[in-house]
Trainee: 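Please read through the structure below; I'll follow up with questions.
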Protein chains: 2
Amino acid sequence: MARKSGSSAEKTRPLVEAAAKRLFARHGYAAVSMRQIAAEVGVQAGALYLYTPDKQSLLFELMKTHMEELLAAWAKSDPGGAADRQLHAFVEFHIAFNLQSLEAVFISYMELRNLTPENFAHIEDMRRAYETVLEDILKAGMAEGTYQLEDTKLTTLAIIAMLNGVNTWYKESGRLTREQVAGIYVEMVRRAVGG
Amino acid sequence: MARKSGSSAEKTRPLVEAAAKRLFARHGYAAVSMRQIAAEVGVQAGALYLYTPDKQSLLFELMKTHMEELLAAWAKSDPGGAADRQLHAFVEFHIAFNLQSLEAVFISYMELRNLTPENFAHIEDMRRAYETVLEDILKAGMAEGTYQLEDTKLTTLAIIAMLNGVNTWYKESGRLTREQVAGIYVEMVRRAVGG
DNA sequence: GTCTATACTAAGATAGAC
DNA sequence: GTCTATCTTAGTATAGAC
């Protein structure tokens with residue numbers, strides 16, 4: 001039999017996840033209480049346990065979902081072809097995706113140490129998979145002779161750190177649009193890899 | 001009359017600061033309790049209040065001291081001269097200083113949101129002063145005609161983000177020494193600014 | 001599915017003995 | 001200068017009524 005249509009469980013669940021995301025991003029996982037999350041949703045603290053076994057799972061599911069979406073989105077955006085074409089696409093993709101997922105990205109970088117060891121290992125695997133995407137592009141560029149790099153691993157980490165920085169200062173109301181920012185970064189990255 | 005030489009206040013104070021730094025860096029400000037800090041020092045929680053009015057001040061003093069040391073250390077290291085010479089020095093200085101102050105740097109980036117608004121404003125001013133050091137070097141390079149940059153502010157933030165990334169992955173036991181890492185970054189930064 | 005009530009633990013901070 | 005004891009508040013999580 002169909003679920004009672006007046007039931008609000010299917011509405012409440014996403015509200016819980018959204019409130020957790022917003023609050024964790026703003027105040028940090030450790031500083032946010034289940035009571036605060038409940039208050040944001042408009043239910044009592046006890047009711048949250050209908051949707052999550054505990055606070056840790058709320059954090060882990062948030063991060064896991066974000067990383068899965070990131071990897072899936074790149075798989076769809078990857079244009080293939082020459083390394084330089086892929087690098088260009090990667091830089092634009094990374095900036096665009098991160099800016100539209102500000103809170104999840106912020107949490108994924110700040111709250112790693114609040115994951116249990118098993119959950120941490122899982123997220124780390126996904127993060128490494130993403131780094132490998134960029135490193136493979138750089139390696140391809142080396143093989144093509146397009147890029148001259150002293151160290152592809154270091155360059156990968158340097159580029160990702162640089163791109164992530166955008167999230168900490170970009171404002172919709174700032175003097176540059178996302179596209180202008182992305183354009184400047186594409187150019188800086190190209191120069192940095194000697195392309 | 002001289003302070004009693006058996007008195008341990010002058011020993012305990014730095015122990016409190018060191019314990020707070022270590023614990024805040026490892027677990028995050030919000031997740032660390034005054035009791036944990038006291039346990040690390042080997043005193044009772046109440047005794048901490050002889051050295052700090054509250055937990056917030058412990059965090060703020062830590063960050064303020066770090067930023068002051070950073071700015072003072074650069075003032076001593078600044079070689080002056082042409083932009084390229086200064087940029088080279090800045091990159092090496094930033095990596096070396098950050099790697100020898102791992103915990104304080106980590107805290108200074110992660111715990112900004114746990115500062116009271118007044119304390120936050122103070123730290124932000126100092127952080128901006130440090131960014132201005134780099135931006136002024138880039139502007140000088142532009143004036144000299146050494147660098148070709150689309151945007152000195154963006155480039156400043158991109159370079160600092162890239163350099164800060166080193167702190168998240170560098171291991172003393174890794175395959176590269178600090179000097180090798182710094183060398184690779186100097187080269188990447190040079191290329192990125194079109195020098 | 002949500003509420004109230006509550007068990008249990010621990011937080012930051014203070015008072016007063018030693 | 002440090003300890004013990006304590007105040008007050010708030011945390012996660014559960015039980016059972018509705």
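The shown structure was predicted, so the numbers you read here are calculated from the model rather than taken from an experiment. So that the names make sense, note that chain A is the first sequence line, chain B the second, and so on, each numbered from 1.
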Trainee: Establish, with yes or no, whether the OP1 or OP2 oxygen of dT2(C) is under 4.0 angstrom from a side-chain nitrogen or oxygen of Thr12(A).
Mentor: yes
Trainee: Does Ser33(A) have a side-chain nitrogen or oxygen under 4.0 Å from the phosphate oxygens OP1 or OP2 of dA10(D)?
Mentor: no
Trainee: For Leu58(A) and dT12(D), give me the distance from atom CG to atom P, rounded to whole Å.
Mentor: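 Taking CG of Leu58(A) and P of dT12(D), I get 11 Å after rounding.
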Trainee: Return the value, rounded to whole Å, for the distance between atom CG of Leu50(A) and atom P of dC3(C).
Mentor: 10 Å
Trainee: Closer than 3.5 angstrom, by distance alone: can the side chain of Lys55(A) be matched with the main-chain N or O of Val32(A) as a donor-acceptor pair?
Mentor: yes
Trainee: Using the six-membered ring wherever Trp is involved, compare the ring planes of Trp74(A) and Phe90(A) and label them parallel, tilted or perpendicular (cut-offs 30° and 60°).
Mentor: perpendicular
Trainee: Below 30° counts as parallel, above 60° as perpendicular, anything between as tilted: where do the rings of Tyr29(A) and Phe24(A) land?
Mentor: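 Correct class here is perpendicular.
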Trainee: Quick one: does Tyr170(B)'s side chain have a donor or acceptor within less than 3.5 Å of a partner on Arg178(B)'s backbone?
Mentor: yes
Trainee: Whole angstroms only, please: what is the CD1-P distance between Ile37(B) and dA11(C)?
Mentor: 11 Å
Trainee: Given 3.5 Å as the limit, does a donor-acceptor pair link the side chain of Lys76(A) with the main chain of Leu71(A), or not?
Mentor: no
Trainee: With His122(A), which residues qualify under ring-ring contact (aromatic ring centres under 6.0 Å, His included), at least two apart?
Mentor: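 ring-ring contact (aromatic ring centres under 6.0 Å, His included) list for His122(A), sorted by chain: Phe60(A).
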Trainee: Is there a side-chain contact between Gln44(A) and the phosphate of dT2(C), meaning an N or O under 4.0 Å from OP1 or OP2?
Mentor: no
Trainee: Under 4.0 angstrom, heavy atoms only, what part of the nucleic acid is Val41(A) near: base, sugar-phosphate, or nothing?
Mentor: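 Nothing, no heavy atom under 4.0 Å.
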Trainee: What string of B, S and - do you get for nucleotides 13-18 of chain D 5' to 3' if you count protein non-hydrogen atoms under 4.0 Å?
Mentor: BB----
